[in-house]
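All remarks here apply to the structure that follows.
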Amino acid sequence: MARKKIIAGNWKMNMTPSEAVELINTLKPLVKNDDVDVLLCVPAIDIIPAMEAAKGSNIMIGAENMYFEEKGAFTGEISPAMLADAGVKYVIIGHSERREYFAETDETVNKKVLKAFEHEITPIICCGETLTQREQGVTIDFIRQQIKIAFLNVTAEQASKAVIAYEPIWAIGTGKVATTEQAQEVCKAIRDCIAEIYDEATAAAIRIQYGGSVSAASAPELFAQADIDGGLVGGASLKADFGKIVCYNK
Ligand code: PGA
């Protein structure tokens, strides 16, 4: 069965609640594409007003992060149950900015992935190499390690529903998009790694996004690759341009 594309915005730390409502109202008529699952991952405080604004449209609202404990004395954190109760179905886990600025590791990513599945929230699991690692020729080894740890104790059934976002760190927010060949090569390596951990059926079902300076111009070629099932879009998801990315095949 063909995998349905999933194109997700990652708003990062942008958009106040009222700005979020305004942007969603702008985007609603621009993102109609039945071939694609359309998702906006937004700051926690924007989730509820964004969901209200997106009602009746094909836009789903997801989260950018969550904690791996159920509840308790973790000031400032958002629990999986809070997201699930708000109706959230997707959460970004282990974005490179969280790894860099908030000390997330492959181990905490794995804990969060397991928790998300427990609450029937689909994790969008981020991986990606630095420019130094690419130049050293260790990209695939590094990504395979990130994937293997992220999926520890995750069942094949859960894994088949997961989303992986391959985001080379040097391409995030830099305007420097990976070449189509580079993106396809790593996305294929990720799929092969999933086949090794689980089996061919799981590898064929899992959706793998590319992220890093995706634009309306680069999206059609990237999303036409055999192992690229959509994108995780930062900067361009804050503008009407996101509509062009979602409608890349129209
Ligand atoms: P960018 O961000 O599209 O602005 O490069 C992508 C991301 O970090 O998810």
Side-chain angles (χ1 to χ4, degrees), residues 5-15 19-20 23 27 30-31 36-44 46-47 50 59-66 88 90-104 106 109 112-113 116 122-131 133-134 139 142-143 146-147 150 162-180 182-184 186-187 190 207-223 225 228-248:
K5 295 267 191 280
I6 176 163
I7 300 180
N10 170 13
W11 282 4
K12 310 193 178 184
M13 198 174 74
N14 295 292
M15 298 287 144
E19 288 167 346
L23 179 56
L27 289 177
L30 306 177
V31 297
V36 172
D37 283 336
V38 182
L39 175 70
L40 289 172
C41 294
V42 305
D46 295 344
I47 290 174
I59 300 177
M60 297 184 285
I61 302 299
E64 297 178 12
N65 179 40
M66 60 163 225
V88 167
Y90 290 89
V91 60
I92 299 174
I93 300 288
H95 190 279
S96 60
E97 287 149 17
R98 294 217 52 91
R99 295 177 191 251
E100 182 176 353
Y101 306 127
F102 304 99
E104 294 207 10
D106 290 335
V109 167
K112 290 182 176 193
V113 167
T122 300
I124 299 178
I125 304 161
C126 298
C127 60
E129 81 286 5
T130 62
L131 188 57
Q133 288 167 327
R134 179 157 283 273
T139 296
F142 180 71
I143 304 271
Q146 286 187 317
I147 294 296
V163 178
I164 296 173
Y166 166 55
E167 299 203 302
I169 295 170
W170 49 272
I172 295 177
T174 56
K176 206 170 164 186
V177 62
T179 66
T180 308
Q182 288 171 329
Q184 162 60 21
V186 179
C187 290
I190 292 170
R207 293 190 288 180
I208 305 176
Q209 301 173 313
Y210 167 79
S213 298
V214 173
S215 66
S218 61
E221 201 181 301
L222 284 165
F223 300 166
Q225 301 308 303
I228 302 181
D229 306 313
L232 185 56
V233 184
S237 72
L238 297 166
K239 322 181 266 198
D241 251 27
F242 188 63
K244 294 196 193 121
I245 296 175
V246 168
C247 298
Y248 74 99

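One-based numbering, in listed order, for ligands and for the atoms of each. Values below: every heavy atom of this structure, side chains too, minus hydrogens, waters and symmetry copies.
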Positive for side chain to side chain donor-acceptor pair (under 3.5 Å) with His95, one of Glu167, Glu104, Glu100: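 Single side chain to side chain donor-acceptor pair (under 3.5 Å) partner of His95 among Glu167, Glu104, Glu100: Glu167.
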Say whether, by atom type as modelled, one donor and one acceptor occur between the side chain of [X] and the main chain of [Y] under 3.5 angstrom.
{"X": "Tyr210", "Y": "Ala178", "value": "yes"}
{"X": "Gln146", "Y": "Gly128", "value": "yes"}
{"X": "Lys112", "Y": "Met66", "value": "yes"}

[X] heavy atoms, cut-off 4.0 Å: which ligand 1 atoms fall inside?
{"X": "Gly212", "answer": "5 (O)"}
{"X": "Gly235", "answer": "1 (P), 3 (O), 4 (O)"}
{"X": "His95", "answer": "7 (C), 8 (O), 9 (O)"}
{"X": "Lys12", "answer": "2 (O), 7 (C), 8 (O)"}
{"X": "Gly173", "answer": "1 (P), 4 (O), 5 (O)"}

Protein heavy atom at shortest distance from atom 9 (O) of ligand 1: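 The closest one turns out to be Glu167 OE2, 2.7 Å.
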Top protein contact for atom 3 (O) of ligand 1, by heavy-atom distance: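 Residue, atom and distance for the closest contact: Gly234 N, 2.9 Å.
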Can you check whether [X] has an N/O within less than 3.5 Å of an N/O in ligand 1?
{"X": "Gly211", "result": "no"}
{"X": "Ile172", "result": "no"}
{"X": "Thr174", "result": "no"}

Evaluation steps, side-chain contact (heavy atoms from CB on, under 4.5 Å), between Ile172 and Lys12: CA-CA 12 Å; Ile172 295 177; Lys12 310 193 178 184; 3.5 Å; yes
Ser213 to ligand 1, any heavy atom closer than 4.0 Å: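 Yes; Ser213 lies near enough to ligand 1 that a heavy-atom distance drops under 4.0 Å.
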Residues Glu221 and Tyr248: side-chain donor-acceptor under 3.5 angstrom: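 Distance-only check fails for Glu221 and Tyr248.
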CA sep, side-chain torsions, deciding dist, call: Arg99, Val109, side-chain contact (heavy atoms from CB on, under 4.5 Å): CA-CA 9 Å; Arg99 295 177 191 251; Val109 167; 3.8 Å; yes
For Leu232, the option from Leu39, Ile92, Ile6 that meets side-chain contact (heavy atoms from CB on, under 4.5 Å):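 Going through the options one by one, the only one that passes is Ile92.
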Ala171 and ligand 1 - part of the residue with a heavy-atom distance under 4.0 Å: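 Just the backbone.
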